[in-house]
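Worksheet: one structure, shown below.
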Amino acid sequence: MSIADPGRMASERDEFADLVERIARHRDREAFGRLFDHFTPRLEAYLIRLGSDAGSAEELAQEAMVTLWRKAALFDRTKSSVGTWLYRIARNRRIDAHRRNRDAALDPEEPLLQPSAPEDADEIIDARRREDKIRVALAVLPPEQIELVRLAFYSGLSHSQIAEQSGLPLGTVKSRIRLAFSRLRKALEDDGLTEF
Amino acid sequence: MTSTDALDTLLAGYVAGGLPEPARVLVASHLEISERNRPFVRQLEAMAGAELETIEPIPIRHRDERLARIFALTADEPPRAPPSRHDPRLPDALARFLGRDLPDLRWRTLLPGVRECRLGETDGCEATLYWIRGGKPIPAHTHEGLELTLVLDGAFSDGEGRYGRGEIAIADDEVDHRPIAEPGTDCLCFAVTDAPLRLTGPIGRFFAPFMR
């Protein structure tokens with residue numbers, strides 16, 4: 001959630017979207033290789049941060065990249081950035097893997113459940129505008145709230161683990177996290193951003 | 001602490017992929033039915049996607065082999081099985097979780113006009129469907145944890161407000177709420193609790209031994 005250079009991010013975003021479209025149209029291996037090199041190490045780092053071991057993180061990131069290779073035609077640059085699209089795919093693959101493990105423990109005969117769709121039906125939203133505004137909205141949160149949002153959102157820590165780590169009482173952690181998300185929402189709504 | 005804050009946190013948990021399965025299914029079902037919170041969820045997802053750019057990447061192992069494995073795949077994934085036909089009141093996410101249609105579930109009558117179908121425990125949460133005839137009270141209970149209720153049909157009211165199709169009611173610890181189904185259409189709800197229910201009141205005492 002650090003504030004990256006918006007100009008550089010915008011041009012990168014266009015470049016990534018172009019690469020996905022090249023994969024969709026021409027099965028372009030060079031384009032895929034570039035996205036693979038950029039996103040795989042990030043997805044793996046993100047999955048490890050959420051608690052996956054290196055092996056599962058590699059497997060899940062690989063599955064997400066397989067989805068990118070096969071489903072590139074479903075990517076829509078007006079709806080999200082490539083990073084957000086891959087984030088959602090990786091998240092859903094992680095949930096699927098958790099479900100497979102749990103169901104296998106219950107009933108080894110159970111056939112694999114339907115994998116989650118890489119992308120749900122979505123409303124048309126200008127992805128670029130949305131991502132720019134989120135950076136602005138985040139800037140209104142005080143740093144300690146950003147840190148809690150970050151912990152709750154990206155670390156995979158439970159509220160009680162965050163309480164333990166920060167030395168704050170559990171009730172305080174819970175109410176601060178709630179407050180942070182509702183302030184974030186309010187900042188986005190004040191901006192008219194949810195009025196699509 | 002308002003229930004709006006609790007809902008926003010729940011939505012953030014959904015985006016982060018950290019919800020127990022029944023709660024994830026409840027939120028996914030809500031988003032299918034209702035447009036209201038889709039923009040906020042998309043915004044949080046965009047935030048998470050942007051975070052990928054700031055994360056410290058870890059080196060890729062076996063890059064060339066991994067790329068070769070992907071290029072060896074055919075372009076198209078086998079088509080997904082078409083979604084099974086089910087009662088239109090059921091969102092797809094919930095229908096997949098149930099694995100069968102409404103009439104094929106094992107319903108039992110708690111009171112005249114009040115039926116439930118307990119779906120068991122998953123990831124530490126109990127999931128239950130309630131089918132309440134219009135105008136009937138839903139058995140009153142307090143919670144040792146959190147209870148999420150998604151309205152699938154009809155509507156109900158409790159001390160906090162009125163909830164119609166697609167809306168999520170969140171009851172926190174220490175809330176002793178008395179939801180009543182609105183007269184008219186039967187109220188169908190999907191409820192998720194993170195702790196066993198403890199029924200209160202005369203009816204509750206009567207049923208409690210059967211509930212747990």
Side-chain angles (χ1 to χ4, degrees), chain A residues 1-2 4 9 27 29 32-33 36-37 39-46 48-50 58 62 65-66 69-71 80-81 83-88 91-92 94-95 99 102 113-115 120 122-123 125 127 130-131 134-135 138 152-154 156 175 177-179 181-182 185 188 193-194 196, chain B residues 1-2 4-13 15-19 21 24 28 31-32 35-40 42-63 66-67 69-71 73-77 80-81 83 92-93 96-97 99 122-123:
Chain A
M1 245 170 286
S2 57
M9 283 190 71
R27 304 272 107 214
R29 293 185 177 197
F32 184 82
F36 186 91
D37 290 342
F39 284 108
T40 309
R42 288 179 165 77
L43 290 172
E44 284 183 25
Y46 154 75
I48 285 170
R49 199 155 77 183
L50 286 186
E58 186 176 316
Q62 182 82 358
M65 297 314 287
V66 165
W69 178 242
R70 290 177 141 170
K71 301 273 192 185
S80 74
S81 69
T84 300
W85 193 59
L86 284 171
Y87 168 78
R88 293 176 65 183
R91 176 195 68 194
N92 292 350
R94 181 169 160 267
I95 291 168
R99 190 160 46 201
R102 191 187 55 226
L113 288 152
Q114 293 250 15
D120 306 327
D122 205 346
E123 63 283 4
I125 289 178
R130 176 164 59 201
E131 291 183 9
I134 280 163
R135 278 190 289 279
L138 277 173
F153 209 57
Y154 302 115
S175 57
I177 287 174
R178 286 184 175 193
L179 187 64
F181 279 118
S182 67
R185 180 172 191 147
L188 292 163
L193 197 69
T194 54
F196 288 95
Chain B
M1 195 180 296
T2 67
T4 315
D5 295 346
L7 181 62
D8 290 345
T9 309
L10 180 72
L11 295 169
V15 170
L19 296 182
E21 181 66 1
R24 188 194 68 78
L31 294 170
E32 261 184 61
E35 288 183 14
R36 185 189 299 165
N37 288 304
R38 282 184 214 162
F40 182 56
R42 295 293 173 257
Q43 283 150 8
L44 291 178
E45 284 173 342
M47 199 172 102
E51 173 79 359
L52 281 182
E53 293 307 321
T54 66
I55 205 167
E56 182 65 36
I58 60 166
I60 313 185
R61 296 181 296 175
H62 323 297
R63 173 188 184 271
R66 290 175 65 179
L67 273 177
R69 284 215 309 275
I70 293 174
F71 293 146
L73 296 165
T74 53
D76 297 311
E77 203 164 344
R80 303 173 61 191
D92 290 338
R96 274 199 296 277
F97 179 71
T122 312
D123 293 343

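Per chain, numbering begins at 1; letters A, B, ... match sequence-line order. Atoms considered below: every heavy atom in the structure, side chains included; atoms not considered: hydrogens, waters and symmetry mates.
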Minimum heavy-atom distance between [X] and [Y], given as atom pair plus value:
| X | Y | answer |
| --- | --- | --- |
| A:Phe36 | B:Leu67 | CG-CD2, 3.7 Å |
| B:Ile60 | A:Pro41 | CG1-CG, 3.6 Å |
| A:Thr84 | B:Glu45 | CG2-O, 3.5 Å |

Under the 3.5 angstrom rule, does the side chain of A:Arg42 hit a backbone N or O of B:Leu52 as a donor-acceptor pair? yes

With distance as the sole test, does A:Gln62 use its side chain to make a donor-acceptor pair with the main-chain N or O of B:Arg66 at under 3.5 Å? yes

Between [atom1] of [X] and [atom2] of [Y], what distance do you get to the nearest 0.5 Å?
| X | Y | atom1 | atom2 | value |
| --- | --- | --- | --- | --- |
| B:Arg69 | A:Met65 | CZ | CE | 13.0 Å |
| A:Arg70 | B:Leu73 | CZ | CG | 4.5 Å |
| B:Leu19 | A:Ile95 | CG | CD1 | 8.0 Å |
| B:Ile58 | A:Thr40 | CD1 | OG1 | 10.0 Å |

Carefully, step by step, assess B:Glu51 and A:Tyr87 under the rule side-chain contact (heavy atoms from CB on, under 4.5 Å). CA-CA 9 Å; B:Glu51 173 79 359; A:Tyr87 168 78; over 6 Å; no

Hey, does B:Arg61 have a side-chain heavy atom less than 4.5 Å from the side chain of A:Glu44? no

May I ask you to check whether over 12 heavy atoms, not counting those of B:Arg36, lie within 6.0 Å of atom CZ? no

Quick check with a 6.0 Å cut-off and a 45 degree axis cone: is A:Arg29 positioned over the face of B:Phe71's six-membered ring? yes

